[in-house]
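Numbers here are sequence positions counted from 1.
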Amino acid sequence: MNPSLHFYVNPRKDREYIKKYFPVFEKIFGKGKFKEMVKKHGEKIDLKILKKEMVKIESEWRKVEKRFFKVTGEKFGKWRRKIYFCHVSSTYICGGGYEYPTIIVFPFSKHVNPLQTIMHELLHLHVVEDVKKLGLKPKNWIEFSKIAVAFMSREIAKEFNLPVLFPNSKIERKFKMIKEKHKNKLKTGWNEKLGLIEKFIK
């Protein structure tokens, strides 16, 4: 049986994200770019508007949910839970994130589609499960997970209109190096690919 995604809003958690993640976003995107993001998206969002967006996003997600979990389960291995959670957030302004077993989606982002964000972040949850299952110990979790999800996104891109996203050019360069240097090895199964990525990331 395929998993399902439970949607919710949580204003208290949204307030926590400002303190917890804004400094992280600033480091990832740089002060200038992050300042622009705050300027665009930093205004307080009414809870009714947020709930309305959640209903709209959930309705769109239900159209592809079964197929997404089926295809990804076949390509990358079984999902470990029956239910995952989607926090539709008013403050996670970078677009999306995750705190296993929850994904976080900012529905008002101008640079990324909420449906694509859901898929992208769910792939991150799958990587979390894979690492635990395989006993991997990546030295740089952010680079490892971003590159792993990039390979996953590439495999299902056409079927789900899913872009391959990178937070910065450094991680994108490493992805391309692995793709070009290890073409033959990357033809193996998904677990073997993860092992290869782990060895490459220092």
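Taking the salt bridge (charged side-chain N to carboxylate O under 4.0 Å, His left out) definition, one finds that Lys51 meets it with nothing, sequence neighbours left out. Under the side-chain contact (heavy atoms from CB on, under 4.5 Å) criterion, Lys70 pairs with Asn2, Glu74, sequence neighbours left out.
Summarising the geometry, atom CD1 belonging to Ile178 is positioned 12.0 Å from atom NZ belonging to Lys193; distances are rounded to the nearest 0.5 Å. Interatomic distance, Met152 CE to Phe76 CZ, rounded to the nearest 0.5 Å: 4.5 Å. Atom-to-atom distance recorded for Tyr100:OH and His124:NE2 is 14.5 Å, nearest 0.5 angstrom. One distance of note links CZ of Arg81 with OG of Ser4; it measures 10.5 Å at 0.5 Å rounding. The CG atom of Asn10 sits 10.0 Å away from the CG atom of Leu47 when rounded to the nearest 0.5 Å. The NZ atom of Lys174 sits 7.0 Å away from the CZ atom of Phe200 when rounded to the nearest 0.5 Å.
Between Pro3 and Tyr84, the shortest heavy-atom distance links the atoms CB-CE1, 3.8 Å. When all heavy atoms are compared, the tightest approach of Cys86 to Val105 is SG-CG2, 3.8 Å. Thr102 and Leu125 make their closest contact through O-CD2, 4.1 Å (heavy atoms, listed as atom of the first residue, atom of the second, distance). The nearest pair of heavy atoms linking Tyr98 to Ser145 is OH-OG, 3.9 Å. Smallest separation of non-hydrogen atoms from Val88 and Val9: O-CG1, 3.7 Å. Pairing each heavy atom of Phe7 with each of Arg62, the nearest pair is CD1-NH2, 3.7 Å.
Contact check for Ile201 versus Trp141: no side-chain heavy atoms found under the 4.5 Å cut-off. Using a 4.5 Å heavy-atom threshold, the side chains of Arg154 and Phe175 count as touching. Here the side chains of Ile103 and Leu5 are in contact, with some heavy-atom distance below 4.5 Å. The closest side-chain heavy-atom distance from Thr91 to Tyr21 is not below 4.5 Å. Between Val64 and Met119, the closest side-chain pair of non-hydrogen atoms falls below 4.5 Å. Under the 4.5 Å side-chain criterion, counting only non-hydrogen atoms from C-beta, Leu123 is in contact with Ser153. Side-chain contact check for Ser109 versus Thr117: every heavy-atom pair is 4.5 Å or farther apart. Contact check for His126 versus Lys75: no side-chain heavy atoms found under the 4.5 Å cut-off.
A distance-only check finds no donor-acceptor pair linking the side chain of Ser89 to the backbone of Asp14 [under 3.5 Å]. With His120 contributing its side chain and Leu162 its backbone, the two residues share no donor-acceptor pair below 3.5 Å. Formation of a donor-acceptor pair under 3.5 Å by the Glu198 side chain with backbone atoms of Phe144 is not found in this model. Judged by distance alone, with hydrogens and angles left aside, the side-chain atoms of Glu129 form a donor-acceptor pair with the main-chain N or O of Arg80 at under 3.5 Å. For the pair Ser59 (side chain) and Val55 (backbone), a donor-acceptor distance under 3.5 Å is absent.
Atom CG of Asn161 sits in a sparse spot, with 12 or fewer heavy atoms from other residues, nucleotides or ligands closer than 6.0 Å. Residue-environment remark: CG (Leu134) exceeds the threshold of 12 foreign heavy atoms within 6.0 Å. Shown here is Lys133, whose NZ atom has more than 12 heavy atoms of other residues, nucleotides or ligands within 6.0 Å.
No continuous path of ILVMFWY side-chain contacts below 4.5 Å connects Ile57 to Tyr8, so the two sit in separate hydrophobic clusters. Residues Ile156 and Leu115 share a single hydrophobic cluster, defined by chaining ILVMFWY side chains whose heavy atoms lie under 4.5 Å apart. When the side chains of ILVMFWY residues are joined at heavy-atom separations under 4.5 Å, either directly or via intervening members, Phe85 and Ile104 end up in two distinct hydrophobic clusters. Both Phe160 and Trp61 are part of a single hydrophobic cluster, where members link through side-chain heavy atoms under 4.5 Å apart.
In this structure, Glu16 does not pair ionically with Lys19, as no charged nitrogen and carboxylate oxygen lie closer than 4.0 Å. Here Lys146 does not pair with Glu143 in a salt bridge; the nearest charged N to carboxylate O distance is not below 4.0 Å.
A ring pair (Phe, Tyr, Trp, His ring centres under 6.0 Å) with His87 is found for one member of Tyr17, Phe106, Tyr92 and no other, namely Tyr17.
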